[in-house]
Each structure stands twice: as C-alpha cells, then as structure tokens.
Amino acid sequence: MFPSPSGAGLHVGHPLGYIASDIYSRYKRLKGFNVLHPMGYDAFGLPAEQYAIQTGQHPDVTTKKNIARYREQLDKIGFCYDWDREIRTCEPDYYKWTQWAFIQMFNHYFNTKLQKAQPIELLINSFETSGTEGIQASCTEELQFTAPEWKSKSEKEQQETLLNYRIAYLADLKVNWCTALGTVLANDEVSDGLSVRGGYPVEQRVMRQWSLRVSAYAQRLLDGLNTLEWTDSLTETQKNWIGRSEGAELRFDIKDQDYNFEVFTTRADTIFGVTFMVLAPESELVKQLTIPDQALEVENYLDATKKRTERERIADRRVTGVFSGSYAINPVSGTEIPVWISDYVLAGYGTGAIMAVPAHDSRDYAFAKYFNLPIIPLIEGCDVSEESFDAKEGIMMNSGFLNGWTVKEAIQKAKDYIAEKQLGRLKVNFRLRDAIFSRQRYWGEPFPVYYKDEMPYMLDESRLPLELPVIDKFLPTEKGEPPLGRAKDWHTEDNFPLELCTMPGFAGSSAYYLRYMDPQNKTALVSAEANQYWRNVDLYIGGTEHATGHLIYSRFWNKFLYDLGLVCEDEPFKKLINQGMIQGRSNFVYRIKDSNTFVSLNLKDQYDTTQIHVDVNIVSNDVLDIERFKNWNPEYKNAEFILEDGKYHCGWAVEKMSKSMYNVVNPDDIVEKYGADTLRLYEMFLGPLEQSKPWDTNGIDGVHRFLKRLWSLFYKNNTLLVNNEKPSAEELKVLHKTIRKITFDIENFSYNTSVSAFMICVNELYTLKCTKKSILEPLVILLAPFAPHVAEELYRVLGNNETVCDAAFPICNEEYLKESIVKYPISFNGKVRFMIDLPADMSKEEVEKIAMANDQTEKFLEGKAPKKIIVVLGKIVNIVL
RNA sequence: GCCCGGAUGGUGGAAUGGUAGACACGAAGGACUUAAAAUCCUUUGGCUUCACGGCUGUGCGGGUUCAAGUCCCGCUUCGGGUACCA
C-alpha cells in the first residue's frame, strides 16, 4: 500500500483495500507464510505544493503532519503493517534511488532487436566503427550518419545526438502545458484537455523536457499482460492505452516536386479509394508542401488552430481545413490527389500525415462531405450516400488487382504488394507515448543533472542524494524559471548549473515495492538476496485510476531494472485486484420555499420545496435527528418541521463522497462508536470487493450485533462459560462447514460472504448453546484476520499466552461434513413440488423408484405417464411429463 | 462512437446449470422492563386464499436444456475507461 497523504485525512472509502489486504496477510501468516505487508507514503506531489503556495508553509511540514494524521487513523483500524519497512518518497534516503534509476536510464538505450536496454557505450562503439549503419535502437528521430561523420562531431553535437537514443532523454517535444499549475503534465495526467488534478485547462506547447522512452517497451508491456493475473477490464484498458496497430507505411511522391512523404495506414486495401491526403497542422511537411498561392490561407489556418486549446478542439467537432496547393501521386494507381491540412490529423501519431479514404473512414467522410471531395466506394454493395462504411468486411471493387477479394485478404495482398514493389514498408505503430518527466515545480525529486555547454550530464553516483534546496517561495522566479531557480548555490562545485525542474509524482511511486524488500539498504535500491527472496508483489490491491499511469510506469521501470539484471522478475505485480470505489450516500431535507419549515420526504410533493444536503452524520436510517439539525447551522436554529409518524424522513442519493455533499464519513468516528473490528467487518460486508458501492452506515448494527453475540458464547453476566466438554457431531459440523467456507472465501477474496458465514456459524452455535473450547478456539483463530482485536482478547481468555497471530489456521475435516440423509427436492417439469429425505448413499435407480412410489407423486402426475425421469445424485429429481 | 462491467425484495447483497432471495439492514408484531435502551422470539418478494395451497417473479424479447438469475442471440438502461490513434 502506498497512499498519497492528503490534508483531509482518510475517509471511510480509503481503508477498504487496506482491510482486504490486511485480512489476506493475516490469513497467510496463520497459514505459516512469512508475509511482507508494508505501508509507505507517496509523499511528493502537486497537492502538498499547492497547499504550501497558499499558506506559505513548507510542503515538508504539511506532508509530515498529514502522514502523522494518516498513521494515527491507520493505527486505529488495527493493520498488521511492518512499520520497520515504512518508506516515504520525499525522504533523501529513498529518493536517492529514484535519482539513481534516472541516471541508469540516461546511460542506457533500448536495443530493438534484443528488446532490452543496453549500455549507451555499446551504441557509441557502433557509431565509432560504422555510424548508424545496422544499429537497432529506439529513438526519437531516425538519424543517418557515418563513422567519420560521428567522429567529426563536436562533444556538444555528439551529446545532442545521443539524447536521441537514451532511455531518459532531453528533447524538444510537444508537451501538455498547464498554465494554472505552472507545469507540464504526462498524458495520463490529462483528461479531456483538463488536468486530472484540479481540472485546469491544458494546452500543447513545444518545450525542451526530460522524457522516459516508455514507448520502446510497448511490445513487452503488451506481451507481459498475458502472464499476469489481472482482471480482464484492466488488461484491456492497458492494451488500449498501449494501442498496438499493424499496418504499412506508404510513400507518396509529390507532383512536380522532388519530394515525398510517408503515411501510416492499417487499411492498405483501400489504397484505390484515396481521394485526398491530410497533414497535421503541426507537421513539418506543411511548410514544404504549401505552394505560394496558398501560403496566406494556410498561415491563417495554422494561426487559428494554434489559438484553440486541446479542449476546444475536442468540444467543437466542426470540420476545418485548408488546401496546401500540392498534389500527391497515388503510388499504386498513379492518380493525382490533393494534399490538405486539417487538425483532425494528429502530429504525434504515425507520420503526422494520412491518406484519406472517405468511403471507409468516418472522419475522412465528414471532411470529404464538407469540402466536396470525391468519395469512391470500394466494397460491393456498400451504401456511402449517408455515411462511410467502416467495417472490415465485404468484397473489394474499384480496386484494380484487389477486386474480388475479401477485405481481410485484400489487406494482406496490398501489404505484400507494397513490400514487393518497395513502395513503403510494413510497420507496427503504438499509441503509447513517451512519458514527460520534467515538472516545473518544487516538491519533487531534483534531477541529478548539471549542464555544461547546454548539454546535460549526470552527477556522479557518489553525489547522491542530491537534496532539495531551501528556497524562499514556492513560486516561479521573475524570469519564469521553475521554483528551484530561487535556490542559492544551485550548481556543482565546478559551477555548472543544476537542472531546475523536478521529477513528477510517478517517479517515486514506480519502484517503491522493491524498496519495501530492503528499506534500509545504503548501497543499493534492493539487495539481490532480498529481491530473490521476495521476488515480486504477490497481491496488489488498488483502484482502477492507476490503470494507465502508475501501473504502466511501474511495469516499465521494473522491466528496465530487469534488463540491467538488478531485479529477478520481469513483472512487478503478479496478481492485482481493483477494489471498487466507495461512493457517498447523501441525505436531503426539503425546505418549503421562502420559509424555515422543513417537510418530511413523503409529504414534500404537497409543497413547493427546495432540496438541501444535510450532514449524513446527524441522520440515522434516513431519519433526521432534529435537535442536532437545529444546532448544525445557526440558520436552522428556529426551523420548524412537518413530520410523518412523528419522524422526519430524509431523501437520499448516491454521489461522490465529498465535503460539499456533507456525506463524508470518517473511520475514526465509526471506530469510536463501534470499535475497529466492527468497521473492518462492515467494510467487507458491504459487498464484493471489486464492486463500487455507496457507503451507508445503516446496517452497521448488524455486524456489531454479531460480535456481541459471539461474545455471549463466552460470557454471561461477566462469567466465563467456556468448558472442555467434548463437542457433538452437530457442533463439529457447524465449525468445519465454516472453516471450509472461510478458507475458500479468503482464497477467492470473497470477504462479504465470509462475514455472512461467520454470522451463520455464530447463530447456529448460539442455538446449540455451544460453549465448548474445542469449537470456540478454532472459530476465534478463523475470525482473527477479520476482527483481530476481539479475536486476540478471546484467544487469551481461552488460556493462551501467545498472540493469536502465531496460531495455526484451522483445517477443515471433511469427515465431519458427511451427510447421511439428503433432502431430495422432487420436481415436475422443473417445478419443485415436495421434498423427501433419502439416505445419501442411495443409488440412482433406488432414488427414482422411491420418488415414483411416493403418494404425492401420483397427485402431480395427474394420471400421465412420465416421459423421462432425471435423478442427479445428492441434488434433485426431475420428472418430465 | 468504440471497449469493458453491471441490472435480483423497501435497502446492501447471496446463489459449482439443480429448492431464487442466504446473511444483514429496515419494517411489523410480541416477550422482558415502571419506562427506555439493550437483549430475545415471530413474520416479512408480489398477487391470491379463512386456511391447506395456488399463481407469479432475477431489466426487456427470443433461443439452448429434463432444468436458466446463471449459457447463446438481439435490445433497453446504468456505471467505468477511452476518444479524432488513420
């Protein structure tokens, strides 16, 4: 577990996953495993810094305060964390290793043939002997130079060239710039053109920024998903985010110019239907292909596009574009096709240029309709008069040598043709982008980087950690530099300036699980011994919000360390469970307009009312505590009420849990009122772990009663009832049935049904008036992972001097569960009519015979002869009429 | 638009293709109590019947099966992810 400690503290939704993993940890320990169950804090990041800007307090101070508050709240719930392993990303001892990993990434490149990271020296050697000839390296831009050319480059030029290949690299990139936050953001930190944190507008800007070459690992990140025990929806989300698509890169010549450019397409089969080409406005080709006559119009278009933010472009789907004046030549059919410029083509994907096939692509279709460009249908029988036909099915027509083939066959034929005639090359494209790694902020890891002649160099590892400097204000400098620009002496001993940006939030959270294995290690992130012992995370419980961020970065980071031989597992998280979100359940009161009179829920329709949120903590089972309501807000001091049966019933709705909805429930309050065990059990009892559900404190009495009833098996009027009598067969059956159910449920993370099983067990033992130690002791051990406090107490009461945590988990003995009698439901045409008790070992034939001979059978046969009789041994009898 | 995941009483939910609604909340009635709280007991999907019982019922429409909440096909609807990815 690795939460970001916020100032608001924990609400009742946060501990859900923690409780689930605590139960599993305690269970595994009882089963004899050495369990690593740690807790730490993802403590760097924007919220702490925003708060610091507002209050002037150092983020380190508020972060420490928040962590202390979290710890206090966590301790109340009774987690079995190994606090000796606690880590915090903002501690120099920890972020030393974040900086260290960055240095390694700078010093490596990705070999595409071996599909792994290799030292950059190997690449330099290649350059020295044969230039770029035959190198297979992931890069920002395809470069070509010879060995002599390389050698003739200056130091600065060589360094600049190497950045093109390094896994951690500095480059001029189009980045997501958020003015309000004053920083760039990674793709997963932007949604709908707004920052995920804060919801501020984000615009595209070209800036020189640090990036991690995550895209190099795209194929491995995709392949690795097959080896993981993750949910289908999560692997699906990652697959989409990685976005692998197979296609071809096709070369188009320009008419009357000695120039050509490439486009990427997955539909090579539609080459005969290309009626225009489109360039992204940001594409470098625009300058090249715009003819003088069109220059003014193109310029105007580019200006207009630049002014629109990403968000405006998304919100407004108007078709826009401008003709460049140039014509491309279709490499297969030889036709001349106009080249347009439009912002529906993205510069960042493929080559930033497309071949448009309006008949079979809805975006191209919209564009063609708007600008009156020709639409050529290529599939027999398709109707493109109203919309494009995007499906990859049907028989080809209007397509020369592809005519008569199915689309799937035609795609392959066209690709073969392209490869054979060398019109382009087959290519796999990924949607996954490199991760922008610079943040123009203070509260993050400083880069271990200094600049010499404007080129970045890494600090020597012996200089790590490079600690965050003290600054006077957490704002950009007057010159617009990041906050670190305010630091005094922010340079090396040789006076080279240090990097002013800091690392993003995901830097520190990408390898934290490795540090848990060996948290005090001074010489390595994790020792080989510790890593080989613990390997990777067996069970990871977290929310789906990490699907495209943290869970991609961590996997990338881990794979990189794996390539370097520093960790022994290729994937960091073996099994992953997404706990559902706990939503808020809000309550409402209804005020009659222009009055201070409130009317109960079912009478509100008789009046003209306004719905007002009311604090859920002064409502119980949707009934308002009127006295507390009056004191809740001075405005309601003299409020009057129209009641139903003497009560004020509130309305309710499921909403986000937030302060403004007055529906936040604090775990501390629940613990105060009912105890930690009740909170733990109730959180689990609410429903399946993976499912989202509203928090509704109604119902918590049920689990609390269960605990009291359990207690009553041990004590009556403070007198201990437990004895050493021999258990009856029935009592043993109740116990072992429960052992079997609980074991199965824990292994399957079905904790809500475990709680029911405990209730059933205690109810049955209560009915049997069972006070026998031989039954109650295993039950207490069984319950210990769920309700550790009461279990510990009762375990001691039973005469044990050791902690219940060191007990052995009970094992189900099937012998006690064998039934001698089976209740057979007798059904007619699938409808159950009556039951008969029969010996469990009775044969099919005998069961059938007795069922048919039964008095009641005759009645339900209605004089007919049965067509068929189905006997499922131990289950059911069905008589078909 | 595309991709996932849901839909079961008044509520949260349970059910390896085999008695739908376990368990719990709430509600109603009762016991104990001067009273309340706590505790205990009974009832509680709907319709129908004095009753025994009967009919009906897992979002909707089809299908497979001796048997479907569960499997298949087609919809409706709610949540989540993603969004000009060529």
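What you see is a predicted model, and the numbers here were worked out from it, not measured in a lab. In the text below, chain A, chain B and the rest are named by the order of the sequence lines, each starting its count at 1.
Note that the CG atom of A/Asn617 and the CG atom of A/Asp625 stand 11.5 Å from one another [nearest 0.5 Å]. One distance of note links CD of A/Glu189 with OG1 of A/Thr548; it measures 10.0 Å at 0.5 Å rounding.
Between A/Phe389 and A/His360, the ring planes lie perpendicular to each other; the angle is over 60°, past the 30° to 60° tilted range. Taking the six-membered ring for Trp and thresholds of 30 and 60 degrees, A/His546 and A/His550 have ring planes more than 60 degrees apart, a perpendicular arrangement.
Nucleotides B/A28 and B/C60 have their C1' atoms positioned 34 Å apart, rounded to a whole Å. On the C1' atoms, B/C40 is 8 Å away from B/C32, given to the nearest whole Å. Atom name P, nucleotides B/A68 and B/G57: the rounded distance is 12 Å, in whole Å. Taking atom C1' in both B/U56 and B/G5, the straight-line distance is 30 Å, to the nearest Å. Taking atom P on both nucleotides, B/G6 is separated from B/G59 by 13 Å, rounded to a whole Å. When the P atom is compared between B/G79 and B/G29, the two are found 38 Å apart, to the nearest whole Å. When the C1' atom is compared between B/U43 and B/G21, the two are found 16 Å apart, to the nearest whole Å. Distance check on atom P: B/C25 versus B/C41 gives 12 Å, rounded to whole Å.
For B/G6, the OP1/OP2 oxygens have no side-chain nitrogen or oxygen of A/Gln691 closer than 4.0 Å. When the side-chain nitrogen and oxygen atoms of A/Arg705 are compared with OP1 and OP2 of B/C40, none of them lie within a distance under 4.0 Å. Between A/Lys708 and B/U39 there is a side-chain N or O to OP1 or OP2 distance below 4.0 Å. For the OP1/OP2 pair of B/A22 and a distance below 4.0 Å, the side-chain nitrogens and oxygens of A/Lys741 include no atom meeting the criterion. In this structure, A/Thr237 does not reach the B/C3 phosphate: none of its side-chain N or O atoms is under 4.0 Å from OP1 or OP2. Listed pair A/Asn752 / B/A14 meets the phosphate criterion, a side-chain N or O lying under 4.0 Å from OP1 or OP2.
Nearer the 5' end of RNA chain B, as judged by each residue's closest nucleotide, is the contact made by A/Ile876, out of A/Ile876 and A/Gln583. Residue-to-nucleotide proximity on RNA chain B shows that, of A/Arg433 and A/Ser827, the 5′-proximal contact is made by A/Ser827.
Across the protein-nucleic acid pair, A/Tyr365 atom OH and B/G1 atom P stand 18 Å apart, rounded to whole Å. We find that NE2 of A/His704 is positioned 24 Å from P of B/G12, with the value rounded to whole Å. The CZ atom of A/Arg431 sits 14 Å away from the P atom of B/G81 (whole-angstrom rounding). Counting to the nearest Å, the P atom of B/G26 and the CH2 atom of A/Trp652 are 16 Å from each other. Atom CD in A/Glu655 sits about 13 Å away from atom P in B/G79, given to the nearest Å. Going from atom CG of A/Asn240 over to atom P of B/A86 covers 11 Å, rounded to whole Å. With rounding to whole Å, A/Lys392 atom NZ is found 15 Å from B/C2 atom P.
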Should A/Ile375 and A/Lys369 be marked as a side chain to side chain contact (heavy atoms under 4.5 Å, CB included) after you check the CA-CA gap, both sets of side-chain angles, and the distance that decides it?
CA-CA 8 Å; A/Ile375 298 169; A/Lys369 278 275 173 184; 4.1 Å; yes
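Each of B/C41, B/U39, B/A86 was ranked by its minimum atom distance to the side chain of A/Arg709; first place goes to B/C41. The A/Pro688 side chain lies nearest to B/G13 when the options are B/G54, B/U82, B/G13. Distance from the side chain of A/Thr753 is smallest to B/A14 among B/G54, B/A14, B/C25. For A/Ser756, whose side chain is taken as the heavy atoms from C-beta onward, the closest listed nucleotide among B/G13, B/C23, B/G12 is B/C23.
There is a side-chain donor-acceptor pair under 3.5 Å between A/Tyr301 and A/Thr320.
Across all strands shown, A/Arg244 has no heavy atoms under 4.0 Å from either base or sugar-phosphate atoms. Looking at heavy-atom distances under 4.0 Å, A/Lys239 makes no contact with the nucleic acid at all. Counting any heavy atom pair closer than 4.0 Å across all strands shown, A/Phe685 reaches a base atom. Across all strands shown, A/Met835 has heavy atoms under 4.0 Å from base atoms, whether or not it also approaches the sugar-phosphate. Within the nucleic acid shown, A/Ile354 comes within 4.0 Å of at least one base atom, counting heavy atoms only.
Ring centers of A/Phe367 and A/Phe276: under 6.0 Å apart, within the cut-off. Between A/Phe371 and A/Trp340, the ring center distance clears the sub-6.0 Å criterion.
A heavy-atom distance below 4.5 Å is not found between the side chains of A/Thr351 and A/Phe261. Within the 4.5 Å cutoff, the side chain of A/Met759 has heavy atoms near those of the A/Phe685 side chain. Contact check for A/Trp711 versus A/Phe706: no side-chain heavy atoms found under the 4.5 Å cut-off.
Side-chain N or O atoms of A/Asn587 include one that pairs as donor or acceptor with a backbone N or O of A/Gly651 at under 3.5 Å.
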Secondary structure of RNA chain B per the Watson-Crick/G-U criterion (both distances under 3.5 Å; [ ] crossing, | other strand, . unpaired) is (((((((..(((.....[....)))((((((.......))))))((((....))))..(((((..]....))))))))))))....
Could you tabulate the donor-acceptor pairs under 3.5 Å formed by side-chain atoms of residues 688-700 of chain A, not counting sequence neighbours?
| residue | atom | partner | partner atom | Å |
| --- | --- | --- | --- | --- |
| A/Ser692 | OG | A/Met581 | N | 3.0 |
| A/Lys693 | NZ | A/Pro688 | O | 2.6 |
| A/Lys693 | NZ | A/Gln691 | O | 3.2 |
| A/Trp695 | NE1 | A/Thr697 | OG1 | 2.8 |
| A/Asp696 | OD1 | A/Asn698 | N | 3.1 |
| A/Asp696 | OD1 | A/Asn698 | ND2 | 3.2 |
| A/Asp696 | OD2 | A/Arg585 | NE | 3.3 |
| A/Asn698 | OD1 | A/Asn621 | N | 3.0 |

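Using a 4.0 Å cut-off between a side-chain N of Lys or Arg and a carboxylate O of Asp or Glu, A/Lys427 and A/Glu246 do not qualify as a salt bridge. Ion pair A/Glu814/A/Arg740 flagged as a salt bridge, since at least one NZ, NE, NH1 or NH2 atom sits closer than 4.0 Å to an Asp/Glu carboxylate oxygen.
Residues passing the ring-ring contact (aromatic ring centres under 6.0 Å, His included) test with A/Tyr751 are A/Phe786, sequence neighbours excluded.
For the segment residues 760-770 of chain A, residues with any heavy atom less than 4.0 angstrom from an atom of RNA chain B are, sorted by number, A/Ile760, A/Asn763, A/Tyr766.
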Tabulate protein N/O versus nucleotide N/O from nucleotides 43-47 of chain B, keeping only pairs under 3.5 Å, one per line.
none

What N/O pairs connect the protein and nucleotides 65-69 of chain B at under 3.5 Å? Give each pair on its own line.
| residue | atom | partner | partner atom | Å |
| --- | --- | --- | --- | --- |
| B/C66 | OP1 | A/Lys868 | NZ | 3.4 |
| B/C66 | O2' | A/Asn878 | ND2 | 3.1 |
| B/C66 | O2 | A/Asn878 | ND2 | 2.7 |

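B/G10: glycosidic angle beyond 90° from 0, hence anti.
Cation-pi geometry between A/Arg709 and A/Tyr766 is met: the NZ or CZ atom falls under 6.0 Å from the ring centre, inside 45° of the normal.
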